Each structure stands twice: as C-alpha cells, then as structure tokens.
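Before any comments, here is the structure.
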Number of protein chains: 4
Amino acid sequence: MYSFNNDYSEGAHPRILQALVESNLQQEIGYGQDSFTNKAAEVLKAKMNSDEVDVHLLVGGTQTNLIAISAFLRPHEAAIAASTGHIFVHETGAIEATGHKVITVDAKHGKLTPSLVQSVLDEHTDEHMVKPKLVYISNSTEIGTIYSKSELEQLSQFCQINNLIFYMDGARLGSALCAKDNDLVLSDFPKLLDAFYIGGTKNGALMGEALVIKNDSLKADFRYHIKQKGAMLAKGRLLGIQFYELFKDDLFFELAEYANKMAERLNRALAEKGYRFLTPSSTNQVFPIFSNEKITMLQKNYQFNIWEKIDKDHSAIRLVTSWATKEAEVEAFIKEI
Amino acid sequence: MYSFNNDYSEGAHPRILQALVESNLQQEIGYGQDSFTNKAAEVLKAKMNSDEVDVHLLVGGTQTNLIAISAFLRPHEAAIAASTGHIFVHETGAIEATGHKVITVDAKHGKLTPSLVQSVLDEHTDEHMVKPKLVYISNSTEIGTIYSKSELEQLSQFCQINNLIFYMDGARLGSALCAKDNDLVLSDFPKLLDAFYIGGTKNGALMGEALVIKNDSLKADFRYHIKQKGAMLAKGRLLGIQFYELFKDDLFFELAEYANKMAERLNRALAEKGYRFLTPSSTNQVFPIFSNEKITMLQKNYQFNIWEKIDKDHSAIRLVTSWATKEAEVEAFIKEI
Amino acid sequence: MYSFNNDYSEGAHPRILQALVESNLQQEIGYGQDSFTNKAAEVLKAKMNSDEVDVHLLVGGTQTNLIAISAFLRPHEAAIAASTGHIFVHETGAIEATGHKVITVDAKHGKLTPSLVQSVLDEHTDEHMVKPKLVYISNSTEIGTIYSKSELEQLSQFCQINNLIFYMDGARLGSALCAKDNDLVLSDFPKLLDAFYIGGTKNGALMGEALVIKNDSLKADFRYHIKQKGAMLAKGRLLGIQFYELFKDDLFFELAEYANKMAERLNRALAEKGYRFLTPSSTNQVFPIFSNEKITMLQKNYQFNIWEKIDKDHSAIRLVTSWATKEAEVEAFIKEI
Amino acid sequence: MYSFNNDYSEGAHPRILQALVESNLQQEIGYGQDSFTNKAAEVLKAKMNSDEVDVHLLVGGTQTNLIAISAFLRPHEAAIAASTGHIFVHETGAIEATGHKVITVDAKHGKLTPSLVQSVLDEHTDEHMVKPKLVYISNSTEIGTIYSKSELEQLSQFCQINNLIFYMDGARLGSALCAKDNDLVLSDFPKLLDAFYIGGTKNGALMGEALVIKNDSLKADFRYHIKQKGAMLAKGRLLGIQFYELFKDDLFFELAEYANKMAERLNRALAEKGYRFLTPSSTNQVFPIFSNEKITMLQKNYQFNIWEKIDKDHSAIRLVTSWATKEAEVEAFIKEI
C-alpha cells in the first residue's frame with residue numbers, strides 16, 4: 001500500500017534531521033530568540049531581497065492563519081476568501097473562534113479576482129454587517145492552481161485602493177513557485193502583499209511555517225499574539241534550524257521541484273490515457289476523474305482522497321506528491337491505470 | 001558562559017532524535033492518528049494503569065492549558081489558580097483570550113488548598129460574578145514545590161463535593177514525580193484528577209505535552225478543539241514517536257531523576273555554605289538568595305533568571321537543571337560560590 | 001412623507017406607556033427579579049400552556065440571538081441558517097464574535113427543510129470542520145414567509161433524531177401567528193423547539209424580546225450569560241411591565257392582526273393592479289416589484305427599503321406595516337400606484 | 001418596607017416618561033440615527049463645551065464598558081482597574097469574555113493613582129504577559145468616593161506619557177459632579193479622558209448611558225461594535241429622548257443633587273450619633289458600620305445591602321439614595337437609629 005494522500009506522510013528531509021542532530025546540545029535562548037531563528041530570518045530576508053519585513057516562525061498552517069488574521073483585524077472586521085479557502089472549509093472555524101467572520105465567494109479555480117472582492121464590498125454597506133477588511137488567498141490554491149504575477153498585481157492594487165489587507169496562505173508556496181507556468185519569485189511577495197507565509201510542513205520540514213509581515217502597521221507586538229495563542233515554542237530553535245537548512249541554499253526549491261516533477265509525471269500519463277481533470281494543476285496536487293470502479297480497483301494498492309463526486313459513476317480523486325514521493329511508485333501507479 | 005536559565009536550552013535527548021531518524025521515511029496518516037501516536041497512548045495508559053483515559057499529544061504547555069480549559073468551561077465559568085499560576089502570570093492572557101477569567105488566591109509555596117478554594121467560592125455567589133468551575137494546579141509548581149498525595153487527595157475530594165473540575169499542569173511533572181519527598185506515582189493522577197498533562201518539552205523531548213482526560217464528560221469532541229486552536233500537527237507522528245520513546249521504558253523518569261540530582265547537588269552545596277532559599281525545592285528548580293554583588297559576579301560565567309528582589313541588597317535567582325545539564329558545570333558553579 | 005420602512009418607527013402602543021406611567025414609583029428589585037417580570041413570565045407560561053419553560057426578558061433581537069446561541073453551543077459547534085437568516089446577514093457577525101460559525105444554505109422562501117439541514121450534516125464529517133449543532137430559523141422569515149405546523153414538526157423531529165438544537169427567532173412571531181394561512185399557536189412552540197423568542201420590539205413594545213427555553217439541558221445558569229453579555233437591565237421591570245401588558249389579555253395578537261390587515265390591504269391592491277411579488281407574504285412585510293421609475297415616484301411621499309434588484313429596470317421594495325400604521329396612509333399609497 | 005438598596009428601584013423621573021408619551025407616535029429612523037438622538041448628542045456636546053467628541057447612547061453600564069473596552073483594545077492588551085472596580089468584580093467576566101484580562105491593584109478608597117498604575121507597568125515587561133493598555137476608573141467609585149480634578153489630571157498626564165487609554169465609568173457621574181467636595185465639571189472630562197460615559201440609569205432615566213469618545217483614534221467604526229454586541233436599539237429614539245430631556249436644561253444635575261442631599265442627611269445624622277463609616281462618601285452611597293443586632297432590627301422596615309463584614313459583631317451596610325428617595329423615609333430611618 002502506497003499513499004498519495006498528502007505531502008506530510010513522511011518525516012522530514014534527511015538534511016533537516018541532520019541539522020537537528022548536529023545542533024542538538026548547543027545551548028540556546030528559548031521562544032524564538034535563538035541564533036538559528038535569527039539566521040533563518042536573515043537568509044529568508046536575503047532570498048526575498050527585503051530588509052523591511054518581519055519574519056516569525058510558527059508551527060502549522062491553521063495556527064499561522066488564525067494568529068495573523070486575529071492580530072490584524074479589529075473585532076468587527078472580516079476576511080474574504082474563495083469558498084474553497086482553507087480558512088473557511090478546513091480549519092474548524094478557527095477564524096470565527098477568534099471572533100471574525102469569513103465571507104466567501106465562489107471563485108473559478110479557487111482564485112479570487114478584484115471583481116469578486118468588489119462584489120463582497122458592494123454587499124457590505126453599513127454597520128449592520130461586518131466590515132470586509134482582509135483578502136485571503138492561497139497560492140497554490142486548495143485545488144492545485146496558481147496565481148500569475150499579473151493576477152496578484154491586480155489584486156494587490158485593488159486592495160491598496162480599497163484599504164484592504166492582502167494576505168496569502170503559502171502552505172504550498174514552494175510547489176507554486178516551482179510550477180512550470182509560474183512567473184513569480186519569492187522577492188515579489190513583499191512588494192505585493194501585506195503578509196504571507198512560506199510553508200515548510202508540506203515541503204520537507206518536520207513542521208513549520210514562516211510568516212512574513214511587510215506592512216508596518218501590522219508588525220507591532222506580534223510576538224504577544226504568538227504567545228497568547230499558545231504558539232510560541234519553548235525550543236523555538238527547532239523552527240529556526242529547519243528554515244535555515246531549507247533556505248541557506250536552495251533545498252526548499254529543490255524539494256518542491258521534485259514534488260512537481262512527480263505530479264507532472266502523473267498529469268502527463270493520465271492525460272495521455274484520456275482522463276479528464278477537475279482542475280488544471282501544475283503543482284503537486286493532481287485531481288483526475290475516474291470511474292468509481294477504477295477508484296475501487298486503485299484503492300487496493302494506493303491511498304488517496306476522493307475529492308468530489310462528479311456524477312453517479314465518476315469521482316475526482318486527489319493525488320499529492322512530495323519531496324519524499326518514490327518515483328517507482330509513481331511509475332507503478334501509472335502502469336496500473 | 002553556561003546557562004542554568006531553564007530546562008529547554010538544548011534540543012532533545014539523543015534517543016528521541018534517533019527515533020525520529022529511524023522512522024523518518026515510514027508513511028503515516030496525519031493529524032495524530034498515526035501508529036506511533038497510538039503506541040504512545042497505549043504505553044501511557046499502561047503506565048497509568050488506566051484504560052479509561054483519553055490521551056492527546058500537543059505541542060506546548062500554554063497551548064495545552066488553553067485548549068483544555070476553553071474546551072472544559074462554559075462561557076461564564078472561570079478557573080481558580082494560585083497567584084503564581086502559570087496561566088495567570090506567564091501566558092499572555094491566553095485563558096482570558098478564550099473568554100474565561102482566571103481567579104487567583106495567594107497561596108503559600110504556590111500550592112492551592114481546599115480552604116483557599118473555598119474562599120473563592122464564598123466570594124462568588126451570584127450571576128453578577130463569574131462562576132468558579134475549574135481548579136488549576138501545577139505540579140511541580142512554578143516555584144519548585146510539589147504536592148503530596150494527601151494534599152492532592154484533599155483537593156480532589158473538595159472538587160468532587162463542590163462540582164469543580166480538577167486540572168493539573170504537569171509541565172514539570174517528571175521532576176515532581178522523581179523528587180525525593182514525592183509520594184505520588186503516575187497511576188495516582190487519573191484517580192485524583194479530571195484532566196492533567198505530562199510535560200515532555202522540559203524533560204527531554206523536542207516539544208510535546210501529553211494531555212490525559214479522565215472525566216468522561218470532558219472527552220467528547222476534544223479533537224475539534226485541538227484543530228480549532230491550530231494545535232493539530234499535520235505530522236502528528238512527531239509527538240507520538242517522542243512520547244513512545246520517553247515511556248516505552250523509563251527514559252522519562254531517568255531524565256527527570258538526573259535533572260533532580262543536579263539540582264539536589266546545587267541545593268546541598270548552597271545550604272552547606274549557608275545560603276537561604278526563596279522556597280524549599282526538591283525538584284529541578286532551585287531558588288537561592290544571593291547578594292547583588294555575588295549575582296553580578298556569577299553572571300560573568302553563568303546565565304540564570306533573577307527571580308525576585310528580596311531586599312535592596314539581595315535577590316533570589318532561579319537555577320534550573322535538566323537531563324542535559326553537565327555535571328562538570330554544576331561543580332564549577334558550586335566552586336565559584 | 002410617510003414611512004413604511006419598518007415596524008419600529010414609532011414608540012410603543014399607548015397601553016404600554018400607560019402601564020409604565022402607572023407603575024413608575026413602585027419600588028422593585030432590579031435585574032429582572034421584580035414582580036412585573038414574574039407576572040409576565042407567568043402569563044406567558046399560561047399562554048403557552050407550559051410550566052416547564054424558562055422565560056428571560058431581553059432588550060433586542062441580535063442580543064437575544066447572540067446570548068442564546070453562545071450559551072447553548074460549545075466552542076467547536078456551529079449554527080445552521082438559511083442564507084437570508086438574520087444572524088448571518090444583519091447582525092455584524094455577532095454570532096461569530098462569540099466564536100461560532102454560521103453555516104448557510106440557500107433556502108426557498110427563506111425556510112429551512114430537513115433535507116437542506118441534512119446537506120449541511122453531510123458536508124461536515126470530521127474535526128477539520130466545525131460541528132453543526134443548532135438549527136436557526138425565523139418565523140416569520142426575513143422575507144415575510146411563515147412556517148406551517150407540519151413544516152415545523154418535520155424539522156423538530158429531524159433535529160431530535162440528529163441531536164441538533166432547534167431554535168426560532170421570533171422577532172416577528174406575532175405577525176406570523178396572525179397570518180391568515182398560519183396553523184400554529186403559541187402553545188405549539190415549546191413542544192417543537194428547544195428555545196425561541198417572542199418579539200416585542202416589532203409588535204408594540206418600546207423594546208423587548210421574551211426568550212423561552214424549553215430544553216432542560218439549556219437552562220442552567222442562563223442569567224450568567226445575560227449578565228456577561230451586558231444585557232441584564234438594572235430596571236428589568238421595564239421589560240416585565242411591557243410583556244405583562246402585551247399578554248395579560250390579547251393585546252399582542254390584536255396589534256399583530258392589525259399590522260397584517262394593513263399588509264393584506266397592500267397585498268391585495270397591488271395584486272389587483274397586476275404587480276408581482278418577490279415572495280408570497282401573509283405577514284406584515286410585503287415585497288412588490290416595481291419599475292425603477294415607479295419607485296422614484298413613490299419615494300417622493302413614502303419611505304421604504306429597496307430590497308433587491310430584479311433586473312435593470314425593476315426592483316423589489318419592502319413595505320412594512322405595524323400596529324401604528326395609519327390606514328389612511330395605506331389607502332393613499334394604494335391610490336398613488 | 002422601604003428600600004435603600006440602590007438607585008434603580010423606581011422607574012424614571014416623570015418628565016422622562018412625559019417626553020416619551022409626547023413623542024410616541026412621531027415616526028423616526030431606527031438604530032440611533034433619529035432626530036432625538038441627534039439633539040441629545042448636540043446638547044451633551046454643548047454641556048461639555050466640545051464639538052470634537054463622538055456620543056453614543058447605550059442601554060446599560062456593563063454593556064457600555066464591554067463594548068468600549070473591547071473596541072479600544074487589541075487582543076493582547078489588558079485593562080487596569082482598582083480591585084474594587086466594577087468591571088473586575090460585578091460584570092460576570094464581561095471584559096474577559098471579549099478576550100481581555102483585567103489587571104487589578106489594591107487602591108485606597110477605590111481610586112487609582114499614577115504610582116499604582118506604574119506598579120502594574122513594572123510587572124508587565126514582555127510578551128509572556130499581557131500588555132497593560134487601558135486605565136479604568138469609576139467616578140464616583142464603587143464605594144462612594146470621588147476623584148478630584150488634580151487627581152484626574154495626574155492620571156491623565158501619566159496615561160499620555162505612557163501611551164495608555166484613559167477611560168472613566170460614569171455610572172454615577174451625576175452624583176460625583178454634585179458632591180459638595182467635587183471640583184470637576186462636565187467640560188473637564190473630554191480634556192482629561194480618552195473616553196468615558198455619563199450614567200442615566202442611576203440618575204433618573206429608564207435606562208441609558210451616554211458614551212463619549214474624545215480620542216480620534218478610538219472613534220472609527222464604533223457603531224459596528226455597538227451592533228455586533230447586540231446593543232443597537234431598534235428604537236434608538238428611546239435613549240435620545242431621555243438624554244435630551246435630562247440635559248436640555250439641568251434636570252440631570254437637579255436629580256443628582258437631590259440624591260446627594262438625601263445621602264448627606266443620612267451621613268450627618270449617623271455621624272452625629274457616633275457611627276463610623278467604611279469609606280468617606282460625599283455622593284449618594286453611604287457605608288455606615290452597625291452592630292449586627294442593629295442591622296437585624298433595621299431590616300424589619302428597610303431594605304439595604306450588607307456590604308462588608310467588619311468584625312464578628314459589626315458590618316458595614318450600603319444605603320443608596322436617588323432622585324426618587326422620599327425625604328420622609330430618610331427621616332424615619334434616622335429616627336429608628
């Protein structure tokens with residue numbers, strides 16, 4: 001049985017573990033103020049070509065989203081997301097639990113546009129409704145698609161004009177940046193966004209997300225929010241060591257590229273055999289549509305998510321690849337279909 | 001420069017790292033439903049001699065406290081703690097941020113008693129005040145003291161009679177259980193408490209606390225609360241592997257015993273030299289009182305917290321030992337005073 | 001200029017004011033424990049033919065909804081509402097501000113059905129999503145429609161089977177109960193619902209809603225929640241006096257009947273002239289569709305809400321009648337169209 | 001039986017009721033945007049000699065405190081209050097329910113001073129603790145004392161220097177301003193405070209508090225917070241009519257002066273008979289100390305609160321007077337002691 005369930009089925013890339021082992025007995029200050037965390041922040045700033053950002057290393061995606069969004073918003077303000085948005089669907093009401101509504105719009109390929117956001121603004125006109133204030137996007141999205149530079153620029157400009165906070169969930173940002181049709185680089189994001197995070201958990205780390213805050217007005221006292229939400233690691237070094245290892249050279253991108261290559265292999269083979277897809281994806285999530293019969297057959301040897309019912313005889317499944325995906329298993333899977 | 005600042009200045013005990021390395025490429029289900037987490041829960045239940053408890057592995061102490069307490073209480077209910085209690089002093093209002101007041105009483109040696117809790121109940125008589133509902137203790141306490149079995153039994157009985165939830169923060173439970181004057185064993189706690197946690201972070205793990213819920217009425221849907229507060233690790237295996245390693249044999253207790261031994265060495269040497277202590281401690285935190293002059297001298301070679309001003313010429317400092325404390329450094333420190 | 005904007009444009013029915021004047025200098029205990037509040041609760045229980053309910057008098061609808069729902073739900077639980085539901089659209093995220101998500105479904109005529117609720121349950125399957133727990137309906141709905149007895153019975157049974165709390169917002173319950181096609185009576189509700197409120201503000205009171213809790217498990221400590229949310233009136237008598245006056249004989253129903261009669265007059269006249277309606281309504285809200293030209297013309301002499309754009313040339317407006325609506329103004333309005 | 005329990009045992013001053021009756025059938029816009037609310041705001045601004053303030057009319061004190069404080073603070077910020085402060089003791093954790101800790105200090109006569117506030121700042125030094133941000137005082141205090149102009153000025157200056165929000169609970173501000181040893185006038189407050197409220201409920205209104213916001217940075221979107229917390233009255237006119245009536249001439253001050261006169265009568269008579277007092281009070285709350293025997297005797301004909309046990313034979317009681325207190329009852333009470 002081999003799993004294409006997700007990109008966090010294994011531990012960490014061996015170099016990450018090695019870095020942990022090597023630094024293990026070095027004494028460090030706690031709570032994210034250690035030398036490794038500092039080095040990780042420095043190397044990330046260098047990769048982003050920006051000295052003006054604050055970097056905070058956190059443990060997971062839901063945690064990062066809820067801390068950032070609840071720190072950024074006042075009580076009556078709300079986030080806007082695509083109806084496929086992770087904060088709306090799969091975080092057990094984490095944002096609402098901090099007091100904030102998530103307003104959704106149906107968005108083609110899971111991607112917000114200025115006109116979709118405008119439609120939300122149009123409907124929220126007075127104090128009997130929440131005030132839309134933060135635009136939440138994911139890149140890559142929950143359904144594997146990515147934003148182009150021009151799409152992000154348009155949203156960025158729209159947010160600036162409308163005094164909205166522009167925030168990106170980058171749980172799978174590595175895969176997005178290594179997609180063959182991607183035209184964005186890491187240093188674009190601090191120019192376009194108020195805040196975003198770079199996901200480590202799904203790209204080779206044991207755990208960890210690097211939250212980057214560009215907008216000065218969102219920076220003050222951020223460490224208080226981290227602590228208050230129970231997210232300040234005593235041994236913050238763990239995150240520092242990992243992000244330093246991922247970014248001191250280009251391991252982060254190498255791993256994402258490999259994951260995409262495996263996905264591309266699946267994509268091509270499936271397309272060649274005439275299968276359709278739920279969404280076009282150039283990242284590490286692939287959503288082919290199979291007959292239920294075929295799915296049952298595949299489940300004998302493979303684990304994967306059944307994503308969406310298409311009709312009574314067909315469903316889309318989700319295949320996820322990662323830095324740890326074995327090429328031989330991909331080939332075996334292809335053979336089986 | 002050597003640090004006695006805390007018990008989380010280093011990484012993890014080497015056996016923990018080794019376990020992570022060995023299991024690294026094994027595919028596992030995410031979110032704490034993997035085989036390692038199951039094994040960790042089983043071995044913990046066996047050590048507690050109780051099949052009736054639920055075990056949830058979480059990342060840190062503040063996180064564990066806030067998830068447990070907010071899950072257990074209804075909106076109008078409050079926690080009672082000693083005024084030295086970690087949830088009151090050092091968690092950035094994490095409990096209040098979930099909507100609940102923390103009521104405090106001054107408690108000798110940081111330890112609650114039935115009569116102290118009764119005094120809180122006496123003052124909270126109607127719906128114009130919060131309803132005290134959960135008794136929060138730490139063992140060992142924030143100032144190094146421990147509860148005896150009889151003290152816990154009295155509190156337990158008091159809570160039962162008064163329909164209060166009895167909860168223990170065990171961030172340093174290992175050290176408490178290995179103290180020379182301790183008369184409690186792990187299997188006592190499910191009998192005496194509604195819920196408690198066993199701290200890994202401060203006793204050899206990279207991170208991790210094992211929350212144990214005994215009271216059936218507090219168990220339902222607990223995983224929802226974990227997820228909602230951003231505490232459900234994608235790679236939950238990380239916690240499972242560590243707790244299994246700590247408890248599959250008695251590593252957890254060996255590490256705590258060693259930490260206590262180092263503290264005892266400091267305690268004895270300081271007492272012999274005539275120094276007084278802020279509190280009596282048989283655990284891994286020692287609070288000697290030094291002249292300010294002596295403190296300045298010691299700071300040249302050692303890091304430690306200045307805990308409390310005693311008079312204009314003296315302060316109590318905190319020395320913390322751990323599984324990783326080097327015996328040679330303890331001896332050197334003793335020599336220096 | 002005459003306003004059909006809403007049913008709270010005037011003060012209170014003169015009998016209410018008279019009752020306030022007459023009782024004014026009588027000394028009473030505060031915070032809803034006065035003799036008038038007791039009498040109001042007694043007379044309401046008699047009208048509902050139920051001794052087993054708790055009655056709490058509150059100031060407004062949003063306040064009542066947020067206190068009830070936040071008191072009833074645990075942190076991870078959510079409310080289900082029609083997408084037209086007041087708690088979703090027009091309460092500035094009041095429910096989310098207490099930590100709870102509101103899940104919506106598109107519902108014909110603003111009315112939930114078992115199959116719509118089932119579709120929500122089907123989509124919420126594990127702890128990565130909130131747990132749907134409370135079914136929120138309004139009767140009459142936000143768009144003037146009402147539930148039949150059989151519809152409520154089906155929902156009630158469905159909720160019981162699925163362990164859901166069934167809650168009704170009765171801001172305009174008087175109008176619903178006096179609708180010509182209504183087959184429910186006040187005494188039906190404690191049999192069918194776990195909790196609901198009877199609206200006073202929109203039916204002749206200065207302000208005030210009577211929350212009725214039938215389900216025993218939702219009753220405990222409810223006054224704490226009222227106080228905590230700032231809703232416990234020092235002079236609780238104000239609400240007691242008003243509800244006693246509305247229900248000691250049938251003033252409440254007389255006022256609603258009059259409001260409906262005025263709406264029916266508008267309905268009939270508009271239908272006779274061939275106008276269409278956004279929704280069929282037998283209550284005190286009427287939603288005729290006019291050309292934009294006609295609307296502009298009517299706005300010269302009348303105030304009303306423009307409810308929804310129908311096409312580029314037409315919109316639905318909302319006309320609301322009340323106990324205070326002047327028959328002559330209704331006739332004049334009809335003449336003008 | 002006559003009650004000195006509180007200053008809200010009766011309805012409203014007859015002029016208030018008359019104003020409600022006279023305006024009753026006038027149609028007005030809802031939600032606090034009516035002509036009466038506008039007039040009330042205008043007359044209050046004139047009395048305060050300030051055009052730069054925002055005025056919001058709310059229903060009750062706890063409601064006002066919780067909306068203002070939760071709107072003003074970010075999630076990690078806390079309020080500082082005297083340990084007798086209403087928000088700490090008697091609001092069922094309303095502030096904590098919005099996520100914010102209330103830090104207290106023991107304060108002589110219930111009054112904060114710069115040095116007391118400084119002691120809180122000294123203890124809150126980093127992100128492991130909440131950030132003290134708002135200074136909450138009451139005038140008159142919960143135990144009947146008042147602030148002098150110089151005391152307020154010192155606190156005001158201290159808050160400005162330390163970037164703290166200075167907020168005053170004026171539930172009994174009328175009585176404070178009419179105390180014989182008071183040297184403050186209404187127009188002082190916008191100069192000294194960031195925000196405060198003028199209490200109507202305890203000084204002649206049916207209900208109502210006028211929140212005044214001076215600090216521009218606290219004004220934005222305030223109506224959203226009112227609505228979100230369920231405090232936006234559909235018939236906002238009710239509050240407008242009452243505050244206009246109280247302030248269009250000096251009814252508000254006349255009523256407070258009368259209440260104080262009645263209290264002064266009690267004060268003097270009790271002092272003459274040699275009774276001691278818990279606190280010195282020149283406002284409408286008097287705290288004489290009686291033997292338990294005497295208290296039992298007085299309870300035959302009078303209602304009042306037993307405030308605090310002094311020793312095993314004596315307790316302090318609280319006698320509260322108001323605009324509605326009958327002089328004859330005061331004389332009768334005096335005769336009885």
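Since we're looking at a predicted model, the values are computed, not measured. Chain identifiers are assigned alphabetically (A, B, ...) following the order of the sequence lines, protein sequences preceding nucleic acid strands; residue numbering begins at 1 within each chain.
Within the 4.5 angstrom heavy-atom criterion, atoms from both the backbone and the side chain of C:L25 approach chain D. For C:A205, the part sitting under 4.5 Å from any heavy atom of chain D is the backbone (N, CA, C, O) and nothing else. Of the two parts of D:Y31, only the side chain, counted from C-beta on, holds a non-hydrogen atom closer than 4.5 Å to a non-hydrogen atom of chain C. Residue contact with chain C, scored on non-hydrogen atoms closer than 4.5 Å, involves the backbone and the side chain of D:L206 alike. Of the two parts of C:Q26, only the backbone, made up of N, CA, C and O, holds a non-hydrogen atom closer than 4.5 Å to a non-hydrogen atom of chain D.
Your options are D:A324, D:G61, D:A234, and the one with the most heavy-atom pairs under 4.5 Å with chain C is D:A234. Options D:A231, D:S3, D:P14 differ in how many heavy-atom pairs under 4.5 Å they form with chain C, and the most are formed by D:S3. Between chain D and the options C:G30, C:S9, C:S23, C:G230, the largest number of non-hydrogen pairs under 4.5 Å is found for C:S9. With chain D as partner, the option from C:L238, C:N5, C:I29 having the largest number of non-hydrogen pairs under 4.5 angstrom is C:L238.
Looking at heavy atoms from C-beta onward, C:Q63 lies in side-chain contact with D:Q63 at the 4.5 angstrom threshold. Taking 4.5 Å as the limit, every side-chain heavy atom of D:T62 sits out of range of all side-chain heavy atoms of C:M232.
One finds the OG1 atom of D:T201 at 8.0 Å from the CG atom of C:L233 (value rounded to the nearest 0.5 Å). For the atom pair CD (D:Q27) and CG (C:N6), the distance works out to 8.5 Å, reported to the nearest 0.5 Å.
No donor-acceptor pair under 3.5 Å is formed between the side chain of D:N24 and the backbone N or O of C:E10. Formation of a donor-acceptor pair under 3.5 Å by the D:K235 side chain with backbone atoms of C:Y8 is not found in this model.
With a 6.0 Å radius and a threshold of 12 heavy atoms from other residues, nucleotides or ligands, C:K261 has its NZ atom at or below the threshold.
Of all residues in residues 89-101 of chain D, those placing a non-hydrogen atom less than 4.5 angstrom from a non-hydrogen atom of chain C are D:H90, D:E91, D:T92, D:G93, D:A94, D:A97.
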